[in-house]
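Take a look at the structure below.
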Amino acid sequence: MAIASPVRAGFDACERRGGGALVAGVSAGDPRKVVALSIDALGRPGPARETSLPLAEGDLTVRLVALPEGGALLSDAARSHVVWLDDDGAELASQPWPADDTGALCVDGHPARRAVPTPSPGAFVTVPELAAPGACVVGDVVWAADGSLRWFGSAARGLDAQAEAGVARPALPAAAVAAARPAAGAPAEAPAPALPAAPACPSDMVAIEGGRFCIDRFEGMLVDGATGQALSPDYPSTPNLLEITLAEWSTGRRRIGDVHARAFPLPLLPGWQRGRATAALARSRSGVRPSGYVTGLVAESACAAAGKRLCSVDEFVTACRGEDDTLYPYGDTFEEGACNVFRPAHPAAQLHGNASMGHLDPRLNRVRSAREPLLRETGGSPRCRSRWGSDAVYDLVGNLDEWVNEPGGAFAGGFYARSTRAGCEALITAHPRSYLDYSTGVRCCQDGPAAAATETESPEAAPAGSAVGPSGHLPEHPGDGERGGDHEEHVEPAVLGQHAEHAEQPHQQRH
């Protein structure tokens, strides 16, 4: 029997002194709460305990750092607050984290904090070595068993950064490290009350309309179905199109754009990905780069490989409008910047001098504007979430266009540079399922428990949003479906990726 997870995607874990692990994350039952629990050396979970760690609206990420004498430091991703936990995940103390960083412009990591939480609950210590101008830290500083503080980082010097491994021994009371341990013989804490059960959908999905269907919480990243290794989000996943793209842009990037654009290198492509057929599988994860350059055929087969399917247009719009049935995930009035859409910069215009050129350039989703990436990581727009009970779906408007299940081919939601205010109703129907460019991505759906119950009662009923015909197939050669072989028109490689920027069709609103 499957056991519902008490935490959502974005949780963190660290080693537990008593064996096993400590785990903390946003509660599956209440997105306003962060919970912690222990897992013993035999894999048995302890009770999930609520903590007082505050989170910004829509934030899902927490950090756990083990303490050498047991327990851990729990903080939010921005390190604005810290909670001291014992070895069972119970809260010992809670304090705001002083925001006195070095102000360094870090090439790697983040500006170092002068004040660091000590193993003693509720106490901080100032570390001179971390207060040096230009000091940056990669990851977290960690207390060692010998009482020293250790970290990896870098020292920013103008446009350069020097990698560093830091060790400090700040002055602490002799009993500071041991203070985090519960006193011997202390009475055991009463078991925490049971938390509400998670929705009856997989942990990476959100239940819509009481479980009529499930939808991925985040835009999809593609992994190799055989090995689980992440495929590059900047290149097509099928070998034929990958080689076409590399052949064109390895030299083509040196002929287009100004001197700065020509110096912009191609993104790294893992060596193992070349020269082999990969069966792409879609994964929904927080805080990762979603995969662009996805055809509708690959999107369909990648969802099927994950035991899911493409969403129908109605399912996509329903999930996007949320329980309040609004035009945008956050309400009925457009708010600039709430979702990653209608950005003033266009990546092709910046690299090529023309927004309509070269939409298979692997560099496009790496372009930055005003020091911020145009394409954000999944969940990177916390206001852009569609509320469903105590859960939410992220980025159904903006970031990447997402393929939906339409026989002629369609993608929905708009991408970061599309000039649209259609919100959840944005729909492009101008391209066949064999089409791809930098802005086309994937998100999957699945029949929910309510739909399954209905199907059991009425075996003749077709599953909601089910595709017509067999699941998508990954073709071996260009022309066998990948570039239009299953459609009337045949598209040459030179015009692959030429986006119909003005072909948006509003979906009919629900009543």
Side-chain angles (χ1 to χ4, degrees), residues 1-67 70-97 117 121-122 140 180-182 186 188-207 217-218 284-287 379 382 385 387-394:
M1 180 181 70
I3 299 176
S5 171
V7 294
R8 296 184 179 175
F11 68 87
D12 199 7
C14 69
E15 187 176 2
R16 179 172 175 257
R17 180 177 172 83
L22 284 173
V23 179
V26 177
S27 166
D30 186 345
R32 299 164 299 180
K33 300 290 186 181
V34 174
V35 298
L37 69 150
S38 63
I39 299 176
D40 68 18
L42 297 178
R44 297 172 299 195
R49 308 167 188 270
E50 290 186 357
T51 74
S52 61
L53 181 68
L55 287 182
E57 182 181 6
D59 198 354
L60 290 177
T61 304
V62 300
R63 305 184 70 86
L64 268 181
V65 179
L67 292 171
L73 299 171
L74 167 66
S75 66
D76 57 324
R79 299 173 179 82
S80 61
H81 202 96
V82 62
V83 170
W84 284 258
L85 302 176
D86 69 13
D87 220 34
D88 292 322
E91 182 172 324
L92 297 172
S94 177
Q95 292 289 343
W97 195 325
D140 295 282
R181 288 181 292 182
E189 185 175 330
L195 294 169
C201 283
S203 61
D204 59 347
M205 306 186 85
V206 175
R217 188 175 286 107
F218 303 103
S284 174
R285 295 288 184 267
S286 172
R385 57 178 187 155
R387 184 178 61 84
W388 288 96
S390 62
D391 210 341
V393 191
Y394 290 77

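Basis for what follows: all heavy atoms, side chains included, without hydrogens, waters or symmetry-related copies.
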Closest contact, heavy atoms only, Arg79 versus Trp97: O-CB, 3.3 Å
Shortest non-hydrogen contact from Ser52 toward Val83: OG-CG2, 4.1 Å
Under 3.5 Å: donor-acceptor pair, side chain of Asp76, backbone of Leu55: no
Minimum heavy-atom distance between Arg16 and Asp87, given as atom pair plus value: NE-O, 2.6 Å
Step-by-step side-chain contact (heavy atoms from CB on, under 4.5 Å) determination, Val35 to Thr51: CA-CA 6 Å; Val35 298; Thr51 74; 5.8 Å; no
Sidechain-backbone polar pair: Arg217 side chain, Met205 backbone, donor-acceptor under 3.5 Å: yes
Heavy-atom pair of closest approach, residues Ala392 and Val206: O-CG2, 3.4 Å
Least distance between heavy atoms, Gly89 atom then Leu22 atom: N-CD2, 3.6 Å
Shortest non-hydrogen separation from Pro6 to Leu37 and the atoms involved: CG-CD2, 4.1 Å
Distance (rounded to the nearest 0.5 Å) between Arg49 CZ and Glu91 CD: 11.5 Å
Steps toward side-chain contact (heavy atoms from CB on, under 4.5 Å) verdict (Ser286, Phe218): CA-CA 7 Å; Ser286 172; Phe218 303 103; 3.6 Å; yes
Full working for side-chain contact (heavy atoms from CB on, under 4.5 Å) between Arg63 and Asp140: CA-CA 9 Å; Arg63 305 184 70 86; Asp140 295 282; 2.7 Å; yes
Pairwise side-chain contact, Leu85 with Leu92, heavy-atom cut-off 4.5 Å (strictly under): no
Atom pair CH2 (Trp84) and OG (Ser75), whose distance is rounded to the nearest 0.5 Å: 10.5 Å
Under 3.5 Å: donor-acceptor pair, side chain of Ser27, backbone of Lys33: no
Atom pair CG (Leu74) and CG (Leu64), whose distance is rounded to the nearest 0.5 Å: 5.0 Å
Between Ser94 and His81, a side-chain donor and acceptor under 3.5 Å: yes
Atom pair CZ/OG1 of Phe11 and Thr61 - distance to nearest 0.5 Å: 11.5 Å
Test item: Val23 and Asp12 side chains (from C-beta on) under 4.5 Å apart, heavy atoms: no
Straight-line distance of Glu50 CD to Arg32 CZ, nearest 0.5 Å: 9.5 Å
Point-to-point distance, once rounded to the nearest 0.5 Å, from CG of Asp40 to CG of Asp88: 10.0 Å
